[in-house]
Amino acid sequence: MFKIDLSIYKKSKQYFILFDVLLKNLSVNKDFFLKENGVSPSSYRKARFIEQNNGNKIIDKLCKALNYKNVNNELIDEIELLINRIYNNMYYKVYTTYEKDLSLINEYLESNIILRPIVLLSKLFLLANYKYDVGVFVNENNADYIELKKYLPFFSNELLELFDILSLVFEKNVHDKVLMKTYKNSLFYYALASRLCSDKRYVESLFVSKKAEDVLVREKNYKRLLYLNVKMMHCMNSIKNYEECFELASMQLLSLRSFIDVDYAYKNTVKNLAISCLPLKKYSYVVDLLLNEPKLSMTEVCCLLVSQFNLDMEKYNEYFDFYYNGTSVENQAILANLDSFLKHNDKKELMKLEETKLMDNITIAIKMSQLN
């Protein structure tokens, strides 16, 4: 899975690339501006190429001079989490947090943080993958896209891949360097196949589609695969390859008809995902996953409680009381066994859970979650 890593922005050197762009836009001499704001031009140049101890102090001074808000590591982590959630949701065509994410992005933009270019890139990527008319989207956001171009040297490799996806929407022509580049980001191949199809470059689109198809199947992104198949059908019909189109379309139609009832697969996927998170100590993930579910099984309740126990004892006690008081005597016994194990590491209490209606692989996961 593609992941965007913002750790380079926790060091100072990267920001001097950004300041070069910002200072270039000023109608004053760069060295004069630096001196006027208490920054030695020679120190600035050194900090641009080599990580310096005084790099953060220079950043603070320039943020103040340019009316930007500096960021700490905690905020960088929050933005990394946000941009990865946006990427994954848009890649898998999940829109449940779309409005929330857009609102959070706008808050960051309004506060004018120094990572503004990254936040703006996130916003355009989010908007580009929603249900907008492409022409309207391009007209309304072209100025922001042009602004982003100035900051390309500031972007990490992963962020540049997101920008390249946007370029397929905004640019009139697909550049050869984009076609020749190898991407970690599988969404790019989908976007490129779609763009080539729109440009009536049908054979090239089918070639790239095969590349995208392999990754979509490997990453279990079946919903986007359905959309890719539609593009492929259009290309096949356009080059009079009717036999292949018939075969693909008829199989897809059967698949679409089979998707009517997927409750069993969904519920058990959530359950197994929650269990797998416990030994991996992905407790926050479990909380986010299960609190959005309308109804939890007792296995899921146990996963949620184990996670809260490791994250926040106050919330654990609150959740324990809520579920304990609202369930049957049989389930209360399960929760009591779990509580005794978590608080006193009583292995006998854990063994009792193996004799209950919980999934039989949860007790091992719970035990591993408590190992250091």
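We count residues from 1, following the sequence as given.
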Thr97 vs Asn89, side chain to side chain donor-acceptor pair (under 3.5 Å): CA-CA, chis, key distance, verdict = CA-CA 8 Å; Thr97 64; Asn89 281 349; 2.9 Å; yes
Are [X] and [Y] close enough that a side-chain donor and a side-chain acceptor fall under 3.5 Å?
{"X": "Asn292", "Y": "Thr96", "result": "no"}
{"X": "Gln332", "Y": "Tyr323", "result": "no"}
{"X": "Tyr183", "Y": "Asp164", "result": "yes"}
{"X": "Tyr189", "Y": "Glu213", "result": "no"}
{"X": "Asn106", "Y": "Lys123", "result": "yes"}
{"X": "Asp20", "Y": "Tyr44", "result": "yes"}
{"X": "Ser43", "Y": "Gln52", "result": "no"}
{"X": "Gln370", "Y": "Asn310", "result": "yes"}
{"X": "Tyr316", "Y": "Asp339", "result": "yes"}

Would you say the side chain of [Y] lies within less than 4.5 Å of the side chain of [X], judging by non-hydrogen atoms?
{"X": "Val306", "Y": "Cys303", "result": "no"}
{"X": "Leu34", "Y": "Leu62", "result": "yes"}
{"X": "Phe125", "Y": "Asn129", "result": "yes"}
{"X": "Phe2", "Y": "Asn84", "result": "no"}
{"X": "Ile118", "Y": "Leu115", "result": "yes"}
{"X": "Ile146", "Y": "Phe170", "result": "no"}
{"X": "Pro117", "Y": "Phe155", "result": "yes"}
{"X": "Leu290", "Y": "Val301", "result": "no"}

Nearest 0.5 Å, please: how far is [atom2] in [Y] from [atom1] in [X]?
{"X": "Leu160", "Y": "Asn185", "atom1": "CG", "atom2": "CG", "result": "11.5 Å"}
{"X": "Leu162", "Y": "Ile4", "atom1": "CG", "atom2": "CD1", "result": "4.5 Å"}
{"X": "Cys302", "Y": "Ile334", "atom1": "SG", "atom2": "CD1", "result": "6.5 Å"}
{"X": "Ser156", "Y": "Leu159", "atom1": "OG", "atom2": "CG", "result": "3.5 Å"}

Should Arg45 and Asp31 be marked as a salt bridge (charged side-chain N to carboxylate O under 4.0 Å, His left out) after you check the CA-CA gap, both sets of side-chain angles, and the distance that decides it?
-> CA-CA 10 Å; Arg45 283 188 282 272; Asp31 284 1; 3.5 Å; yes
Answer with yes or no whether the hydrophobic clustering places [X] together with [Y]; edges join I, L, V, M, F, W, Y residues whose side-chain heavy atoms lie under 4.5 Å apart.
{"X": "Leu311", "Y": "Leu296", "value": "yes"}
{"X": "Val286", "Y": "Val94", "value": "no"}
{"X": "Tyr91", "Y": "Tyr98", "value": "yes"}
{"X": "Val230", "Y": "Leu228", "value": "no"}
{"X": "Phe259", "Y": "Met251", "value": "no"}

Which pairs pass side chain to side chain donor-acceptor pair (under 3.5 Å) with one or both residues in residues 248-258, sequence neighbours excluded?
-> Asn229-Gln252
So with a 6.0 Å cut-off around [atom1] of [X], is the heavy-atom count from everything else above 12?
{"X": "Lys281", "atom1": "NZ", "value": "yes"}
{"X": "Tyr130", "atom1": "OH", "value": "yes"}
{"X": "Ile364", "atom1": "CD1", "value": "no"}
{"X": "Asn53", "atom1": "CG", "value": "no"}
{"X": "Asn67", "atom1": "CG", "value": "no"}
{"X": "Met313", "atom1": "CE", "value": "yes"}
{"X": "Lys210", "atom1": "NZ", "value": "no"}
{"X": "Lys11", "atom1": "NZ", "value": "no"}

Output, in order, the C-alpha distance, side-chain angles, deciding distance and verdict of salt bridge (charged side-chain N to carboxylate O under 4.0 Å, His left out) for Lys64 and Asp60.
-> CA-CA 6 Å; Lys64 185 177 181 181; Asp60 283 335; over 6 Å; no
Would the distance check show the side chain of [X] and the main-chain N or O of [Y] forming a donor-acceptor pair, the cut-off being under 3.5 Å?
{"X": "Thr299", "Y": "Met359", "result": "yes"}
{"X": "Ser103", "Y": "Lys100", "result": "no"}
{"X": "Thr356", "Y": "Leu353", "result": "yes"}
{"X": "Lys231", "Y": "Cys197", "result": "no"}
{"X": "Asp312", "Y": "Gln308", "result": "no"}
{"X": "Asp144", "Y": "Leu124", "result": "no"}
{"X": "Asn54", "Y": "Lys57", "result": "no"}
{"X": "Ser194", "Y": "Ala191", "result": "no"}
{"X": "Gln14", "Y": "Tyr9", "result": "no"}
{"X": "Glu244", "Y": "Met236", "result": "no"}

So, for Tyr68 and Leu22, which heavy atoms are closest and what is the spacing to 0.1 Å?
->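 For Tyr68 and Leu22, the tightest heavy-atom pair comes out as OH-CD2, 3.6 Å.
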Under the side chain to side chain donor-acceptor pair (under 3.5 Å) criterion, do Tyr242 and Glu247 qualify, and how do the steps go?
-> CA-CA 9 Å; Tyr242 302 119; Glu247 185 177 355; over 6 Å; no
Worked verdict on Tyr145 versus Glu171 for side chain to side chain donor-acceptor pair (under 3.5 Å) | CA-CA 10 Å; Tyr145 174 74; Glu171 299 293 339; 2.7 Å; yes
So does Asp199 pair up with Arg195, basic N to acidic O under 4.0 Å?
-> yes
Going by an N to O cut-off under 4.0 Å, is there a salt bridge joining Lys315 and Glu318?
->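 No salt bridge links Lys315 with Glu318.
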Think Lys93 forms a cation-pi with Tyr227, using NZ or CZ under 6.0 Å from the six-ring centre and within 45 degrees of its axis?
-> yes
Tell me, please, whether Tyr190 has Arg224 positioned over its six-membered ring: NZ or CZ under 6.0 Å from the ring centre and within 45 degrees of its axis?
-> yes
Stepwise salt bridge (charged side-chain N to carboxylate O under 4.0 Å, His left out) check, Arg85 with Glu80 | CA-CA 9 Å; Arg85 181 170 72 228; Glu80 180 180 285; over 6 Å; no
Residue pair Lys184, Asn157: steps toward the side chain to side chain donor-acceptor pair (under 3.5 Å) verdict | CA-CA 10 Å; Lys184 295 179 182 178; Asn157 290 333; over 6 Å; no
